[in-house]
Colleague: 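This structure is in structure tokens; I'll ask about it shortly.
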Amino acid sequence: MTGIVKDESELLAALRNGDEAVFAQLVDRYTPAMLRVARGYVPTHEIAEEVVQETWIALLKGISRFEGRSSIRTWLFAVMINIAKQRGAQERRNADAEIAAFTDGTVDPARFRAADAPVWPGHWKEHKEPTAFPDTPEGSVLADELISVAQRELDKLPQRQRIVVSLRDMLGFDSSEVCELLDISIANQRVLLHRGRAAVRQALENYLVDAS
């Protein structure tokens, strides 16, 4: 079987049959995203590339044992994250503490509800929400610049926030998949996502103020 596969069963069958064309399609489709997520765990892009290479090798070696309890994409990223965690532990003696995801960032923590709040944990407090972006021709002209600002801010986020935002907003994983991949609770995932998005938005707000 060669060419574009139509569903998970065809993809799994093709990989188990050693279809190089299908494997190459999978590599092209997911490598950029895998590199970005892996980079959140390891100190350099070069090590992230090694992690991704190890993941593809693990896929080839382990596809015959894949039981199909999750999608191949979810399984692939789970394997990659596990390898990246191990490499990160080897390369960095002082890994980022998880608490940094809740305390580090560019938005004043006082603007948010507590993580264990009974209503909308981790979200904006009343009257602390960011102001809306201006809907003007000038705002449209700034679109490309705003994308660049958002990308730079995403790169500066604490590790957990950056990974959660990347998985949810860039790769389209749903909350349950992210919780499973990162071994975090739904509440923590929600807070990490909201804080990460808020930091990016804060940077955009500041940029618009400076540009005005």
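Because the structure is predicted, anything quoted here is derived from the model rather than measured. We number each residue from 1, following the sequence as shown.
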Colleague: Any heavy-atom pair between the side chains of Ile184 and Arg160 that's under 4.5 Å?
Modeller: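 SC-SC contact between Arg160 and Ile184 confirmed.
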Colleague: Would you check if Val52 and Tyr30 make a side-chain contact, meaning some heavy-atom pair closer than 4.5 Å?
Modeller: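 No, every pair of side-chain atoms sits at 4.5 Å or beyond.
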Colleague: After noting the C-alpha distance and the side-chain angles of Asn188 and Leu182, does the key distance pass the side chain to side chain contact (heavy atoms under 4.5 Å, CB included) rule?
Modeller: CA-CA 10 Å; Asn188 282 353; Leu182 303 183; over 6 Å; no
Colleague: When you compare the side chain of Val22 with that of Leu26, does any pair of heavy atoms fall below 4.5 Å?
Modeller: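 SC-SC contact between Leu26 and Val22 ruled out.
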Colleague: Where is the tightest heavy-atom contact between Arg36 and Ser166, given as atom of each residue plus distance?
Modeller: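 Nearest pair, atom of Arg36 first, then Ser166: NE-OG, 3.9 Å.
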Colleague: Over 60° means perpendicular and under 30° means parallel, so tell me whether Trp75 and Phe66 are parallel, tilted or perpendicular.
Modeller: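 Ring orientation, 0 to 90° scale: tilted.
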Colleague: Glu54 and Ile83: which non-hydrogen atoms are nearest, and at how many Å?
Modeller: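 Reported closest heavy-atom pair: OE1-CG2, 3.4 Å.
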Colleague: Got a donor-acceptor contact below 3.5 angstrom from the Arg197 side chain to the Val165 backbone?
Modeller: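 Not at all, since once roles are kept as given, no pair shorter than 3.5 Å links the two residues.
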Colleague: Can you list everything that forms a salt bridge (Lys or Arg N to Asp or Glu O under 4.0 Å) with Glu49? Sequence neighbours excluded, please.
Modeller: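 Listed in chain order: nothing, the list is empty.
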Colleague: Let me confirm one number: the CG-CD distance from Leu192 to Gln159, rounded to the nearest 0.5 Å.
Modeller: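 Between atom CG of Leu192 and atom CD of Gln159 there are 10.5 Å.
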Colleague: So which heavy atom on Met80 is nearest to which on Ala38, and how close?
Modeller: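 Scanning both residues completely, I find the closest heavy atoms to be SD-CB, 3.7 Å.
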Colleague: For Arg168, what residues pass the salt bridge (Lys or Arg N to Asp or Glu O under 4.0 Å) criterion, not counting sequence neighbours?
Modeller: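 Checked Arg168 against salt bridge (Lys or Arg N to Asp or Glu O under 4.0 Å); zero matches.
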Colleague: Report yes if some heavy atom in the side chain of Leu193 is under 4.5 Å from a heavy atom in the side chain of Asp169; otherwise report no.
Modeller: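 Answer yes - side chains close enough.
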Colleague: About how many Å separate CG of Leu11 and CZ of Arg16, when rounded to the nearest 0.5 Å?
Modeller: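 Between atom CZ of Arg16 and atom CG of Leu11 there are 10.5 Å.
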Colleague: Return the minimal non-hydrogen interatomic distance between His45 and Arg39, and the atom names on each side.
Modeller: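 Closest approach of His45 to Arg39: N-NE, 3.5 Å.
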Colleague: Any side-chain heavy-atom pair from Ile163 and Leu181 closer than 4.5 angstrom?
Modeller: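 Ile163 does not reach Leu181 side chain to side chain.
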Colleague: Just by distance, no angles: are the side chains of Gln189 and Ser175 close enough, under 3.5 Å, to form a donor-acceptor pair?
Modeller: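 No - no donor-acceptor pair under 3.5 Å links their side chains.
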Colleague: Decide if atom CD1 of Ile186 counts as having more than 12 heavy atoms of other residues, nucleotides or ligands within a radius under 6.0 Å.
Modeller: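 No, not enclosed.
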Colleague: Determine, using the 4.5 Å side-chain heavy-atom cutoff (strictly less than), whether Leu60 and Phe77 are members of one ILVMFWY cluster.
Modeller: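 In one cluster with Leu60: Phe77, yes.
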Colleague: Can you find a heavy atom in the side chain of Leu59 that is under 4.5 Å from one in the side chain of Val79?
Modeller: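 Sidechains of Val79 and Leu59: no contact.
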Colleague: Using side-chain heavy atoms (C-beta onward) and a distance below 4.5 Å, is Leu171 in contact with Val37?
Modeller: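 Of all side-chain heavy-atom pairs linking Val37 with Leu171, at least one is under 4.5 Å.
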Colleague: Determine whether a donor-acceptor pair (N or O, by modelled atom type, separation under 3.5 Å) exists between the side chain of Glu177 and the backbone of Asp174.
Modeller: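 A pair under 3.5 Å: yes.
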Colleague: Shortest non-hydrogen contact from Pro32 to Val27?
Modeller: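 In this case the closest contact between Pro32 and Val27 is CD-O, 4.5 Å.
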Colleague: Which pair of non-hydrogen atoms, one from Val42 and one from Gly88, has the smallest distance, and what is that distance?
Modeller: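 Heavy atoms of Val42 and Gly88 come nearest at CG1-N, 3.9 Å.
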